[in-house]
Amino acid sequence: MSDFLLHAPAGANKKPKRVGRGSSSGLGTTAGKGNKGQQSRSGKAVPYVGFEGGQMPLYRRIAHRGFSNYPFKKEYAIVNVSDLEVKFNAGETVDAASLKAKGLVKSSRKLVKILGDGELTKSLTVDVDKVSASAKAKIEKAGGSVKVAEETK
């Protein structure tokens with residue numbers, strides 16, 4: 001007969017918290033809400049997301065008008081002179097397609113800029129979108145030539 005008496009396992013049923021029932025209960029006086037302030041009051045509700053306690057909220061303090069250059073920004077794939085030294089042979093042409101073929105840039109459609117980190121001993125013909133002044137000097141010193149698609153002003 002006792003096989004059919006079902007009961008919950010130990011610890012499954014807890015007694016409800018009874019707040020505000022005296023200091024000996026552990027949740028007396030402030031009833032676990034801390035001391036004073038908006039959060040301790042009855043009917044507490046922060047009015048909305050972004051509410052700063054009556055201070056002018058951030059989304060109203062900053063301007064939401066004006067121009068952003070973000071859609072028009074140009075991002076360049078960076079290649080160093082030291083990379084050209086390792087991957088290219090003397091007399092080769094360095095352009096977006098050859099850089100893609102050698103695995104130095106991910107896409108041949110992206111703009112390419114050559115920077116002057118490292119040394120160059122081979123004569124190369126460089127035809128990219130931008131070249132730094134130090135890279136141009138190193139390429140020309142090694143007997144190569146530089147053709148830049150965009151002239152910076």
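Start at 1 with the first residue, then count along the sequence.
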Within the distance-only criterion (no hydrogens, no angle test), does the side chain of [X] pair as donor or acceptor with the backbone N or O of [Y] below 3.5 angstrom?
X      : Y      : result
Arg41  : Gln39  : no
Asp129 : Val112 : yes
His7   : Leu5   : no

Using every non-hydrogen atom in the two residues, find where [X] and [Y] come nearest and quote the distance to one decimal.
X      : Y      : answer
Val105 : Ala96  : CG2-O, 4.1 Å
Ala12  : Ala8   : CB-CB, 4.0 Å
Asn80  : Gly116 : OD1-N, 4.5 Å
Ser82  : Gly118 : CB-CA, 3.9 Å
Gly20  : Ala31  : N-CB, 4.0 Å
Ser40  : Gly34  : CB-O, 4.4 Å

Next on the checklist: Walk me through whether Glu85 and Thr121 qualify under side chain to side chain contact (heavy atoms under 4.5 Å, CB included).
Outcome noted: CA-CA 7 Å; Glu85 176 71 26; Thr121 57; 2.8 Å; yes

What distance do [X] atom [atom1] and [Y] atom [atom2] have between them, rounded to the nearest 0.5 Å?
X      : Y      : atom1 : atom2 : answer
Ser145 : Lys147 : OG    : NZ    : 10.0 Å
Leu99  : Ser107 : CG    : OG    : 11.5 Å
Lys141 : Leu120 : NZ    : CG    : 10.5 Å
Leu27  : Lys17  : CG    : NZ    : 6.0 Å
Leu124 : Asn89  : CG    : CG    : 9.0 Å

Next on the checklist: Listing request: all salt bridge (Lys or Arg N to Asp or Glu O under 4.0 Å) pairs with a residue in residues 93-103, at least two apart in sequence or in separate chains.
Outcome noted: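 The answer is Glu92-Lys102.
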
Next on the checklist: Going by salt bridge (Lys or Arg N to Asp or Glu O under 4.0 Å), name the pairs with one or both residues in residues 109-127, residues two or more places apart or in two chains.
Outcome noted: Glu119-Lys138

Checklist entry - Cluster question for you: counting only ILVMFWY and a side-chain heavy-atom cut-off of under 4.5 Å, with indirect links fine, are Phe51 and Tyr59 together? => result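 Cluster IDs for Phe51 and Tyr59 match.
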
Next on the checklist: Tell me whether the count of non-hydrogen atoms from other residues, nucleotides or ligands lying under 6.0 Å of CZ in Arg18 goes above 12.
Outcome noted: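 It does not: Arg18 CZ has 12 such atoms or fewer within range.
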
Next on the checklist: Could you check whether atom CZ of Phe67 has more than 12 heavy atoms from other residues, nucleotides or ligands sitting under 6.0 Å from it?
Outcome noted: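 Yes, the 6.0 Å shell around CZ holds more than 12 heavy atoms from other groups.
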
Next on the checklist: Is there a side chain to side chain contact (heavy atoms under 4.5 Å, CB included) between Leu115 and Val81? Walk through the geometry before answering.
Outcome noted: CA-CA 6 Å; Leu115 298 181; Val81 170; over 6 Å; no

Item to check | Close side-chain approach of Leu84 to Val94, heavy-atom, < 4.5 Å | outcome: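 A side-chain contact under 4.5 Å exists here.
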
Item to check | Worked verdict on Asn35 versus Thr30 for side chain to side chain contact (heavy atoms under 4.5 Å, CB included) | outcome: CA-CA 7 Å; Asn35 292 319; Thr30 57; 3.3 Å; yes

Next on the checklist: Strictly below 4.0 Å, N to O, side chains only: are Glu52 and Arg61 in salt-bridge contact?
Outcome noted: yes

Next on the checklist: Please determine whether side chain to side chain contact (heavy atoms under 4.5 Å, CB included) holds for the pair Leu104 and Phe88, giving the CA-CA distance in whole Å, both sets of side-chain angles, and the decisive distance to 0.1 Å.
Outcome noted: CA-CA 11 Å; Leu104 291 173; Phe88 286 87; 3.9 Å; yes

